[in-house]
Structure formats: structure tokens, C-alpha cells
S.K.: 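Here you go, one structure.
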Amino acid sequence: MPVLSLDTLMMALHHSVPSLEIDIRAEPPVIGETMWPIIRAFAECVLGSETDHLIDGDMLQTSQVASLHAAGGDQVRSCFMGYQHIDPQQKFADIRQHAGLPNDWLSDSSDEHVLEVAEFGIRYSQSQKVQCDQLGLKHIDCSTDFERSIEEAAAHLVGSIH
């Protein structure tokens, strides 16, 4: 299944179309609002083509995904993943333990910055969970068993796709 990584798209647009003024250091909701017209147009093209695609990125907002569900009905599946029930120090340790993997943008960051990112991620996950519940969107907490969470997300997203 083709995957559109919104992080990669964000960087490509940042470097190639500076007039979009994508602030790559902004929080995900800000980036998501800036990129939404492009993401929405891509999603609409995919819906019209009747092909399966996975769009991945934390800048997609719950309200945006809900609008895709409204437009595409059963063609659209979504899943938000977060870690709203983890201790910030544990998340920090997890990030450091998995450092050095491809595309690891935190590997050169100070411990203080990595902890700030972990704390922000927890708050962001908590907020998204509330919004998902309000909009009837799937949200999976990967605070304790990451591998099981990935399997659950894959089963939900791919499930019975033709």
C-alpha cells in the first residue's frame, strides 16, 4: 500500500515552496493547518481513484480527519496513536533507547529538549484522545505495549480492505 509521509512532504514543501511559509519547528496543529489544503486535495484524489493509500503524520488534526470520513464514508479509515498514560521520564528513556534509527531527528538534541518533546507529546496525546472520543474516531494508546498497539492499528486500518 502506498504511504504518504506528511513529515517528508512537509520538508519537501518547506525547501521547494518557501512561499507556503511552513514553519517546520511549529507545533503539529499549526503545521497541519498550513498543509491542510494540500493534504485534503491529495486525499480527495485518492478517494476519487478508489485506490488504497496510507497518510501518516501527527499534523493531521481530528477535525480534518473527521471531514475526510464525512466525504469518503466507508472508504476512509483512520487511527490516531498517542501515549497519554506514560510517565515523561519513561518516554524520555524510550526515545533515548531507540536513538540512531533512520530519520531520528532527536538524536542530536539535548536531554532537556528531548524531555520537553516527551512532555509535549503526552499533552498532545491527551488532547487528541478527548477530541477523538468527541468525534467518534479511533485512538490507540501505545503507552505500555507499543508492538501490540502497532498490530491493533494495522488490523484496524487494513482489516478488510480489498
Side-chain angles (χ1 to χ4, degrees), residues 1-17 20 22-86 91 94-95 98-107 117-118 120-122 124-162:
M1 176 181 313
V3 176
L4 174 64
S5 165
L6 296 182
D7 287 340
T8 303
L9 178 62
M10 172 189 67
M11 293 305 293
L13 292 170
H14 172 74
H15 292 297
S16 65
V17 190
L20 290 175
I22 296 173
D23 180 359
I24 60 173
R25 289 179 175 69
E27 292 183 352
V30 173
I31 297 169
E33 285 301 317
T34 303
M35 290 182 53
W36 177 238
I38 296 163
I39 298 166
R40 183 184 59 233
F42 177 84
E44 289 170 353
C45 289
V46 168
L47 288 171
S49 71
E50 297 184 19
T51 60
D52 297 329
H53 282 68
L54 177 67
I55 302 173
D56 170 56
D58 64 352
M59 73 249 335
L60 269 176
Q61 300 304 294
T62 55
S63 60
Q64 296 165 340
V65 172
S67 73
L68 293 177
H69 277 278
D74 290 342
Q75 282 185 281
V76 176
R77 292 187 187 184
S78 65
C79 177
F80 286 83
M81 298 187 74
Y83 43 90
Q84 65 269 20
H85 293 113
I86 196 168
K91 186 61 182 174
D94 291 348
I95 291 169
H98 295 97
L101 296 174
N103 201 22
D104 179 5
W105 57 276
L106 285 174
S107 62
V117 168
F120 170 80
I122 292 167
Y124 189 56
S125 296
Q126 291 167 340
S127 173
Q128 275 196 330
K129 170 65 171 137
V130 169
Q131 294 169 28
C132 284
D133 288 348
Q134 291 171 343
L135 295 168
L137 299 172
K138 178 83 168 168
H139 188 279
I140 297 172
D141 182 6
C142 56
S143 297
T144 56
D145 190 345
F146 185 75
E147 294 299 321
R148 183 208 47 80
S149 301
I150 295 296
E151 291 171 8
E152 182 181 348
H156 173 72
L157 294 172
V158 179
S160 63
I161 291 178
H162 308 97

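Keep in mind it's a predicted model, so treat the numbers as computed, not measured. The basis for the numbers below is simple: all heavy atoms, side chains too, and nothing from hydrogens, waters or symmetry mates.
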S.K.: What distance separates Met1 CE from Leu54 CG, expressed to the nearest 0.5 Å?
M.R.: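 Going from CE on Met1 over to CG on Leu54, the span is 6.5 Å.
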S.K.: Specify the closest pair of heavy atoms between Ala26 and Ile31, including all atoms of both residues, with the distance to one decimal.
M.R.: O-CD1, 3.3 Å
S.K.: Strictly distance-based, threshold 3.5 Å: is any side-chain N or O of Thr8 a donor or acceptor partner for the main-chain N or O of Leu4?
M.R.: no
S.K.: Quick one, Met81 and Glu152 - any side-chain contact, counting heavy atoms below 4.5 Å?
M.R.: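 Counting from C-beta outward, Met81 and Glu152 never come under 4.5 Å.
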S.K.: Do Gln64 and Leu68 make a side-chain contact, defined as non-hydrogen atoms from C-beta onward lying under 4.5 Å apart?
M.R.: no
S.K.: With the side chain counted from C-beta on, respond yes when Val30 and Met59 share a heavy-atom pair under 4.5 Å apart, and no when they do not.
M.R.: no
S.K.: Quick one: NZ on Lys129 to CD on Gln134, what's the gap to the nearest 0.5 Å?
M.R.: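 Reported value, rounded in 0.5 Å steps: 11.0 Å.
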S.K.: Pair Asp23, His14 - check side chain to side chain contact (heavy atoms under 4.5 Å, CB included), show working.
M.R.: CA-CA 8 Å; Asp23 180 359; His14 172 74; over 6 Å; no
S.K.: Under 3.5 Å, side chain of Tyr124 to main-chain N/O of Asp58, donor-acceptor pair present?
M.R.: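 A pair under 3.5 Å: yes.
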S.K.: The test is side chain to side chain contact (heavy atoms under 4.5 Å, CB included); show your working for Leu60 and Trp36 and say whether it passes.
M.R.: CA-CA 8 Å; Leu60 269 176; Trp36 177 238; 4.0 Å; yes
S.K.: Side-chain contact test, heavy atoms from C-beta onward, threshold under 4.5 Å: evaluate it for Leu135 versus Val65 and give yes or no.
M.R.: no
S.K.: Pair Ile22, Met35 - check side chain to side chain contact (heavy atoms under 4.5 Å, CB included), show working.
M.R.: CA-CA 8 Å; Ile22 296 173; Met35 290 182 53; 3.8 Å; yes
S.K.: Any chance you could lay out the side-chain hydrogen bond (donor to acceptor under 3.5 Å, both in side chains) test for Ser143 and Asp141, step after step, and finish with the verdict?
M.R.: CA-CA 6 Å; Ser143 297; Asp141 182 6; 2.5 Å; yes
S.K.: Measure the spacing between CE of Met10 and CD1 of Ile24 and express it to the nearest 0.5 Å.
M.R.: 6.0 Å
S.K.: Is there a donor-acceptor pair closer than 3.5 Å between any side-chain N or O of Gln128 and the backbone N or O of Gln126?
M.R.: no
S.K.: Could you go through the side chain to side chain contact (heavy atoms under 4.5 Å, CB included) check for Phe42 and Leu9 one step at a time?
M.R.: CA-CA 11 Å; Phe42 177 84; Leu9 178 62; over 6 Å; no
S.K.: Tell me, yes or no, whether the heavy-atom count around Phe146 atom CZ, taken from other residues, nucleotides or ligands under 6.0 Å, exceeds 12.
M.R.: no
S.K.: For Thr51 and Val46, which heavy atoms make the closest approach, and how far apart are they?
M.R.: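 Scanning both residues, the minimum pair turns out to be O-CG1, 3.4 Å.
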S.K.: Please give me the minimum heavy-atom distance between Val76 and His69, naming the atom from each residue.
M.R.: O-CE1, 3.3 Å
S.K.: How far apart are the closest heavy atoms of Thr62 and Cys132, and which atoms are they?
M.R.: CG2-SG, 3.8 Å
S.K.: Please report the closest heavy-atom contact between Gly72 and Leu47, naming both atoms and the distance.
M.R.: CA-CD1, 3.9 Å
S.K.: Going from NZ on Lys138 to CD1 on Ile140, what distance comes out if it is rounded to the nearest 0.5 angstrom?
M.R.: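 CD1 of Ile140 is found 5.0 Å from NZ of Lys138.
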S.K.: Working to the nearest 0.5 Å, report the span between SG of Cys79 and CG of Leu157.
M.R.: 5.5 Å
S.K.: Which pair of non-hydrogen atoms, one from Gln84 and one from His139, has the smallest distance, and what is that distance?
M.R.: OE1-CE1, 3.2 Å
S.K.: Nearest 0.5 Å please: distance from the CG atom of Asp56 over to the CG atom of Asp7.
M.R.: 7.0 Å
S.K.: Could you check if a side-chain atom of Phe120 sits within less than 4.5 angstrom of a side-chain atom of Pro28, using non-hydrogen atoms only?
M.R.: yes
